[in-house]
Amino acid sequence: MVDVDDLTLLELGVQVWNKRRESNPDFKPDLSYVELSAILDDVNLSHANLKCAKIYFAELRNANLSDADLRGADFTMVDMSGADLTHADLSDGLFLGSIEFNGANLSGVNLTRADLGICVINHGLFFRASLSGVNLSHANLSQASLRFADLNRANLCGANLSGADLCAADLRGANLFGADLSKADLRGADFSDANLTYANLSGANLVGSPNFGKLGIYDLSYLNDRRVNLSNANLNGTNLSKVDLTDANLTRAKMLDSIHD
């Protein structure tokens with residue numbers, strides 16, 4: 001349960017809280033099951049235990065939530081624009097109302113089975129994020145970076161992924177019915193068994209080798225020749241104008257009434 005001293009300290013304000021954390025780097029707050037509804041911009045909640053916390057109408061812009069335990073947390077009308085959520089555990093989280101993640105860093109985050117509904121995540125960074133089974137139906141992921149993200153069986157129905165970077169992303173069995181993937185970078189992505197019915201892939205990039213060597217410590221050169229996998233995908237009614245499918249794996253893909261140039 002929540003440590004009353006930790007909650008009392010947080011209620012004294014972000015400046016006091018952050019100063020305590022700076023002076024005591026080993027301090028790992030326990031705010032599990034707490035109810036938070038406050039302006040907490042720039043707060044340092046890294047490594048904090050926020051399991052099952054109820055975070056309502058809060059402002060956490062540019063907050064540090066890296067490595068935080070947010071399993072089962074309930075978010076309603078929260079602004080986390082620019083927040084650092086690297087390697088945070090948000091599995092089974094519930095995000096209601098308008099949740100803002102604009103410019104947030106969610107690299108390595110665990111959002112397995114989370115319900116993100118209609119979140120706004122423009123320009124969000126999801127490098128190697130675990131999003132298996134996540135509900136992102138109608139979410140705004142325009143220009144988001146989802147390289148190597150695990151979106152296996154994710155619900156992306158009607159999602160806006162225009163201009164998103166999905167290089168080598170795992171979208172096997174994902175529901176992309178009516179999703180907007182226009183001008184998205186799909187090189188090396190795996191869409192096998194995915195539902196892309198009425199999706200918009202106009203101008204999407206499926207051809208060429210991504211330069212994974214620029215990712216520093218990861219040696220990903222073995223993926224440079226990986227083709228887009230659309231095997232068994234449902235592409236009925238999909239807009240494929242200005243899309244080069246030359247090297248794509250279309251084995252047993254359904255393409256009834258799809259739109260071509």
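Given the structure is predicted, the values throughout are model-derived calculations rather than measurements.
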Are I55 and F57 connected in a single hydrophobic cluster, I mean Ile/Leu/Val/Met/Phe/Trp/Tyr linked by side-chain heavy atoms less than 4.5 Å apart? no
In terms of hydrophobic clustering (I, L, V, M, F, W, Y; side-chain heavy atoms under 4.5 Å; direct or indirect links), are W17 and I39 co-clustered? no
If you take all heavy atoms of D30 and D6, which pair is closest and at what distance? N-OD2, 2.9 Å
Is there side-chain contact between F177 and N234, with at least one heavy-atom pair below 4.5 Å? no
Given side chains that start at C-beta, do those of M255 and L235 come closer than 4.5 Å, heavy atoms only? yes
Working for side chain to side chain contact (heavy atoms under 4.5 Å, CB included), residues N236 and D257: CA-CA 6 Å; N236 291 340; D257 296 325; 6.0 Å; no
same_hphob_cluster(L36, L12) at 4.5 Å side-chain heavy-atom cutoff: yes
Does L40 share a hydrophobic cluster with L70, counting links as ILVMFWY side-chain heavy atoms below 4.5 Å and allowing steps through other members? yes
Pick from N200, L196, V243: which one makes a side-chain contact (heavy atoms from CB on, under 4.5 Å) with L181? L196
Got a second to check how far R113's CZ is from S132's OG, nearest 0.5 Å? 8.0 Å
Minimum heavy-atom separation for R227 and A248, please, with both atom names. NH1-O, 4.1 Å
Among S202, S182, S258, whose side-chain hydrogen bond (donor to acceptor under 3.5 Å, both in side chains) with S241 holds? S202
Nearest 0.5 Å, please: how far is CD in E22 from CG in N44? 8.0 Å
To the nearest 0.5 Å, atom OG1 of T112 lies from atom CG of D92 at 8.0 Å
Do the side chains of L176 and L240 join up, straight or via other hydrophobic residues, at under 4.5 Å, putting them in one cluster? yes
Side chain to side chain, L60 and V43, heavy atoms closer than 4.5 Å: yes
Lys/Arg N to Asp/Glu carboxylate O, K51 vs D69, below 4.0 Å: no
Measure the spacing between CG of L31 and SG of C52 and express it to the nearest 0.5 Å. 13.0 Å
Locate the shortest heavy-atom distance separating L85 from M80; write the atom from each residue and the value. CD1-SD, 4.5 Å
What distance do D193 atom CG and R252 atom CZ have between them, rounded to the nearest 0.5 Å? 9.0 Å
Students often mix this up, so state it plainly: with edges at 30° and 60°, are the rings of F75 and F95 parallel, tilted or perpendicular? parallel
If you define the side chain from C-beta out and look only at heavy atoms, does anything of L206 sit under 4.5 Å from L245? yes
When you measure from the side chain of N160 to the backbone N and O of S142, does any donor-acceptor pair fall under 3.5 Å? no
Mind checking whether V16 and L9 have side chains closer than 4.5 Å, heavy atoms only? yes
For the atom pair NE2 (H87) and CG (N105), what is the distance rounded to the nearest 0.5 Å? 8.5 Å
Look only at the side chain of N249 and the backbone of S192, and say whether a donor-acceptor pair between them is shorter than 3.5 Å. no
Applying side chain to side chain contact (heavy atoms under 4.5 Å, CB included), run through L10 and V34 and close with a yes or a no. CA-CA 11 Å; L10 185 59; V34 73; over 6 Å; no
T86 side-chain N/O to S107 backbone N/O, donor-acceptor pair under 3.5 Å: no
Only one of L166, L111, D170 forms a side-chain contact (heavy atoms from CB on, under 4.5 Å) with L151, so which one is it? L166
Would you call S46 and D67 a side-chain contact if the rule is heavy atoms closer than 4.5 Å? no
With a 4.5 Å limit on heavy-atom distance, are the side chains of R187 and R147 in contact? yes
Over all atoms of both residues, closest heavy-atom pair of F27 and R21: O-NH2, 2.8 Å
Heavy atoms, side chains only, cut-off 4.5 Å: are L171 and L186 in contact? no
